[in-house]
Amino acid sequence: MPRYAMVIDLQRCVGCGACSIACRSENNVPDGIYWSNKITETSGIFPNVRYHYIPTLCNHCENAPCVRGCPTQAMHKLDNGITMHDPDKCIGCKYCEFNCPYGVIYFNWRKPHPFWRDETPLMAGGTFSPAEENRKAGGNVIPYYNPEREDTLPGIRPKGVVEKCTFCDHRLRRNLLPRCVEACPADARIFGDISDPESEVSRLLGKFRPFRLREQLGTEPHVFYIRDFNPAHYQPTKGGV
């Protein structure tokens with residue numbers, strides 16, 4: 001059984017946001033919820049200003065505080081290391097959200113995608129309402145709905161439960177990379193089996209000195225960051241499943 005992990009090369013990341021856009025589209029993520037996001041740091045004084053980006057997502061911690069705090073085991077670990085959530089068991093208590101030290105778990109306070117459920121046209125008799133436009137496009141709640149997300153989770157999570165990144169577990173079942181990894185134009189994200197010493201993630205972690213967010217807490221995150229403007233070079237790859 002593999003133990004999945006992600007390496008993010010900060011020297012290659014340009015903060016373009018392709019990972020976040022791809023994640024939102026792949027997983028039908030509602031507005032205000034960010035399975036994939038980034039921290040932006042600004043350094044220098046104009047005009048000599050530089051931006052640094054730290055992409056963020058669920059760290060799929062080995063010792064996940066969100067799992068320990070869940071009273072119903074809705075938040076749980078899979079054998080492959082993914083921290084997974086079962087909406088059918090979720091009671092919306094938000095213990096997982098409070099326990100997560102990374103702020104990457106979100107609670108659905110309202111019915112997702114309210115804009116596309118609105119039946120009110122901007123101009124009566126002159127424009128479609130968002131809901132009409134969605135129906136014309138053949139969408140399910142949203143025009144760009146991805147039905148593949150339904151393989152392991154509700155395609156759109158309901159009101160009253162939490163949601164977060166799952167490393168695109170539905171794609172891993174098909175031996176496909178997470179969508180954010182596939183979409184990254186700079187190959188800044190590398191995904192694979194950390195238990196395999198021959199995998200690309202293991203090779204990079206052995207070559208560069210990685211760091212993890214708030215690793216002093218003992219959560220053992222499985223998202224690693226390398227380089228940060230280090231001139232060392234390697235052959236770019238997205239890794240493998």
When you measure from the side chain of [X] to the backbone N and O of [Y], does any donor-acceptor pair fall under 3.5 Å?
| X | Y | answer |
| --- | --- | --- |
| S20 | S36 | yes |
| E26 | C23 | no |
| H222 | I82 | no |
| Y95 | V67 | no |
| N63 | E220 | no |
| K164 | Y34 | no |
| R189 | I8 | no |
| Y102 | L213 | yes |
| R117 | P112 | yes |
| D86 | D88 | yes |

Between [Y] and [X], is there a side-chain heavy-atom distance shorter than 4.5 Å?
| X | Y | answer |
| --- | --- | --- |
| L172 | L177 | no |
| R212 | V223 | no |
| P55 | N37 | no |

Fit a plane to each ring of [X] and [Y], take the angle between them on a 0 to 90° scale, and name the class: parallel (under 30°), tilted (30 to 60°) or perpendicular (over 60°).
| X | Y | value |
| --- | --- | --- |
| W116 | Y144 | perpendicular |
| Y4 | F191 | parallel |
| F107 | W109 | perpendicular |

Between [Y] and [X], is the closest basic N to carboxylate O distance under 4.0 Å?
| X | Y | answer |
| --- | --- | --- |
| R50 | E41 | no |
| R135 | E119 | yes |
| R3 | E62 | yes |
| R179 | E182 | yes |

What are the two closest non-hydrogen atoms of [X] and [Y], and how far apart are they?
| X | Y | value |
| --- | --- | --- |
| T219 | P65 | CG2-CG, 3.7 Å |
| V181 | M6 | CG2-CE, 3.7 Å |
| D193 | S195 | OD1-OG, 2.5 Å |
| S199 | S202 | OG-OG, 3.1 Å |
| I105 | C96 | CD1-O, 3.6 Å |
| R157 | P87 | CG-CG, 4.4 Å |

Would [X] and [Y] show up in the same hydrophobic cluster when neighbours are defined by side-chain heavy atoms closer than 4.5 Å?
| X | Y | answer |
| --- | --- | --- |
| I142 | Y106 | no |
| L10 | I39 | yes |
| I33 | M75 | no |
| I190 | I194 | yes |
| W35 | I21 | no |

Next on the checklist: Is it the case that atom NZ in K207 sees more than 12 heavy atoms from other parts of the structure closer than 6.0 Å?
Outcome noted: yes

Item to check | Intermediate values then yes/no, side-chain contact (heavy atoms from CB on, under 4.5 Å), M84 and L153 | outcome: CA-CA 10 Å; M84 194 65 186; L153 276 179; 3.7 Å; yes

Checklist entry - Is it true that the NZ or CZ of R110 lies under 6.0 Å from the centre of F115's six-membered ring and within 45 degrees of the ring axis? => result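 No; the conditions do not both hold, so R110 does not lie above the ring face of F115.
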
Item to check | Y234 versus D9, side-chain donor and acceptor atoms under 3.5 Å | outcome: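 The answer is yes; a qualifying pair exists.
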
Item to check | Flag for Y145-E150: side-chain donor and acceptor within less than 3.5 Å | outcome: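 Yes.
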
Next on the checklist: Between T83 and C66, does the side-chain contact (heavy atoms from CB on, under 4.5 Å) criterion hold? Intermediate values first, please.
Outcome noted: CA-CA 9 Å; T83 304; C66 60; 3.7 Å; yes

Checklist outcome for this item: So salt bridge (Lys or Arg N to Asp or Glu O under 4.0 Å) across residues 52-61, not counting sequence neighbours, yields none

Checklist entry - Do H60 and F167 make the cut of ring centroids closer than 6.0 angstrom? => result yes

Checklist entry - For R149, which of D151, N146, T152 qualifies under side-chain hydrogen bond (donor to acceptor under 3.5 Å, both in side chains)? => result T152

Checklist entry - Run the side-chain contact (heavy atoms from CB on, under 4.5 Å) check on Y53 and V14 step by step: do they pass? => result CA-CA 7 Å; Y53 304 101; V14 296; 5.6 Å; no

